[in-house]
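Scroll down for the structure; my scribbles are underneath it.
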Amino acid sequence: MSTETDNALDSMLPHINFDNSYARTFEGFYVRCRATAAPSPSLLQLNHALAEELGLDPVALDSEAGASIFSGNAIPEGAEPLAQAYAGHQFGSHVPQLGDGRALLLGEVIDVHQRRRDIQLKGSGPTPFSRGGDGMAPLGPVLREYLIGEGMHALGLPTSRALAAVATGELVYRETPLPGGVLTRVAASHLRVGTFQFFAARGGVEKIRDLADYAIARHYPDIAEADNPYLEFFKAVAEAQAALVSGWMNIGFIHGVMNTDNMTISGETLDYGPCAFMDTYDPGTVFSSIDRGGRYAYANQPVILPWNLTRFAETLVPLIDPVKDKSVEMLTGVLEQVESRYKSHWLAGMRTKIGLTTEEPDDLDMVNDLLWVMKDGKADFTLVFRRLSQAARGNSDAVQDLFEQSGAFEVWVRRWRKRLEQENMPAETTAQAMDRVNPIYIPRNHKVEEALIAAVNHSDIEPFKKLLAVLQNPFNETPGNEAYATPLPNPAYVTFCGT
Ligand code: AMP
Ligand code: MG
């Protein structure tokens, strides 16, 4: 409970113009909850550009008052902290109630582009959904989510954003005691497939319709007037998720926990836990310590996509048509298109990566051949595509060096050059277009680890800040940043959920 002194302090905080539609609309499907006080919060990073985009005052927030807000110690006027309820399939098994066990939705704001955005604290203490967990987050995973999420945004993929990272001054107990942190996360919304699963199970048809109407108004307003808006809604979400997963595949990203509670209705990447970018190309790559069966391995992501969407479809059956069989048939029709929609996004992405602007029937085969040669040659995924632009300019030595044995690659390059000739473009134009889509800097695992170790073990935030700055310009090569562009050999890299 807040005291009178708290309230006096709260009224002096920087102003945030909240407008909390979720709290207004879904009473009974969330629990109002306060954050646990952090003993001595310090604001390690504030995202000034994002604050401005949200219509907030970054200078006022980059302060002790900001540290208070972003640790959950102070509740700004208009915030209505709540833990959202959701369910989900985790590694294929249904869990009827998950919910925000270590997160609180502070509220929503309308940003300067008139988009409604959620502001959420992650790691701010237990909620009624904590299920035995402590509701806390160690600082390392907080900073990791900040780096990888902001890196993802700079790479041009839809994602939740990081507004602030705070060290709480408190220890969090995992295998060893670790410094605690809170991430302030911003998202188009936190509606997940798992939110629909929870509403379908607990609220019946009426509630699932309310939720679908809310999601349509918030994310897909254009379809509200369609003949069958709920079917169009399903199509729109399927399309957004297909585009997202193809974006991950094009960039070499492995989410790591594609449970239905981590797949958003908006199509943004959500929940940076054990995720990581692949170095050496291998479709079987898994980093997560808990993903023993490789369910969420790199190459399995497009397979899990329709699986998750099928779980989503199941919740919408009562809305599509009064006759259940007809509903199922219509939803199935959309589901059957998901694979081809995914492939079409993916191939379009791969074409631009290898410098093609036109389409030829053999392109798919050529891309798959390159991937096969990369796997066989144990080549670095990101660098192959980046250095291919130098080959477009005429010199393929640098890209060739990435392959353990380059014979098969040389054959491929000859084929690719012939194909480029058909494009009839100046080589420099092609090369520059490739450099605009193939990053030189991704969140390299060794650089992420280095930044986290410095921050967590040595209270040195500078490597984090430097890496964040590098990741904000992933496509422009900068002299002096060579170490950020290359992998370190570490075949045993393992990531953890951060819980
Ligand atoms: P995740 O795997 O991060 O998507 O989390 C799955 C579920 O576990 C969600 O309901 C989280 O809120 C909950 N959870 C994860 N870590 C914790 C924690 N430290 N304390 C309480 N709940 C947690
Ligand atoms: Mg989650």
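Order of appearance sets the numbers: ligands from 1, and atoms from 1 within every ligand. Nothing fancy with the numbering, it's 1 onward along the sequence. Note that the structure is predicted; figures quoted are calculated from it, not measured.
Atoms of ligand 1 found under 4.0 Å from any heavy atom of Gly133, numbered from 1 in the order shown, are 20 (N), 21 (C). Within the listing of ligand 1, atoms 4 (O) sit less than 4.0 angstrom from a heavy atom of Asn262. Counting atoms of ligand 1 from 1 in the listed order, those under 4.0 Å from a heavy atom of Met136 are 19 (N). Residue-ligand proximity, Arg131 to ligand 1, at heavy-atom distances under 4.0 Å covers atoms 7 (C), 8 (O), 10 (O), 13 (C). The contact set between ligand 1 and Tyr86, taken as ligand atoms under 4.0 Å from a residue heavy atom, comprises 9 (C), 10 (O). Each of the following atoms of ligand 1 lies closer than 4.0 Å to a heavy atom of Arg174: 19 (N).
A distance-only check finds a donor-acceptor pair linking the side chain of Asp291 to the backbone of Tyr296 [under 3.5 Å].
Considering backbone and side-chain N/O atoms, Asp100 never comes within less than 3.5 Å of an N/O atom of ligand 1. Considering backbone and side-chain N/O atoms, Gly135 comes within less than 3.5 Å of an N/O atom of ligand 1. Geometrically, ligand 1 and Phe129 share no nitrogen or oxygen pair separated by less than 3.5 Å. In terms of polar-atom proximity, Gly99 is counted as a contact of ligand 1, with an N or O under 3.5 Å from an N or O of the ligand.
Proximity of the aromatic rings of Tyr214 and Phe26 is defined here by a centroid distance below 6.0 angstrom, and this criterion is met.
Under the 3.5 Å distance criterion, with hydrogens and angles disregarded, a donor-acceptor pair is assigned to the side chains of Glu239 and His345. No side-chain donor from either of Gln241 and Asn308 sits under 3.5 Å from a side-chain acceptor of the other. When only modelled atom types and interatomic distance are considered, Asn259 and His89 share no side-chain donor-acceptor pair under 3.5 Å. Between the side chains of Ser160 and Glu268, not a single donor N or O lies within less than 3.5 Å of an accepting N or O.
At a heavy-atom distance under 4.0 Å, no atom of Val257 approaches ligand 1. The side chain of Gln90, and not its backbone, has at least one atom closer than 4.0 Å to an atom of ligand 1 (non-hydrogen atoms only; side chain from C-beta on). Residue contacts with ligand 1, taken as heavy atom pairs separated by less than 4.0 Å, involve Asp261 solely via side-chain atoms from C-beta onward.
Relative to the ring axis of Tyr484, Lys447 places its NZ or CZ within 45° and under 6.0 Å from the centre. Stacking of Arg341 on the aromatic ring of Trp346 is not recorded, the 6.0 Å distance cut-off and the 45° axial limit not both being met. With Phe385 as the aromatic partner, Lys353 meets the cation-pi criteria of under 6.0 angstrom to the ring centre and within 45 degrees of the ring axis. Judged by the 6.0 Å and 45° rule, Arg295 forms no cation-pi pair with Phe91.
Ligand 1 has at least one atom lying under 4.0 Å from a heavy atom of Asp271.
For Asn262, the nearest N, O or S atom to the Mg ion (ligand 2) falls under 2.8 Å.
Here the N, O or S atom of Asp271 that is nearest to the Mg ion (ligand 2) is OD2.
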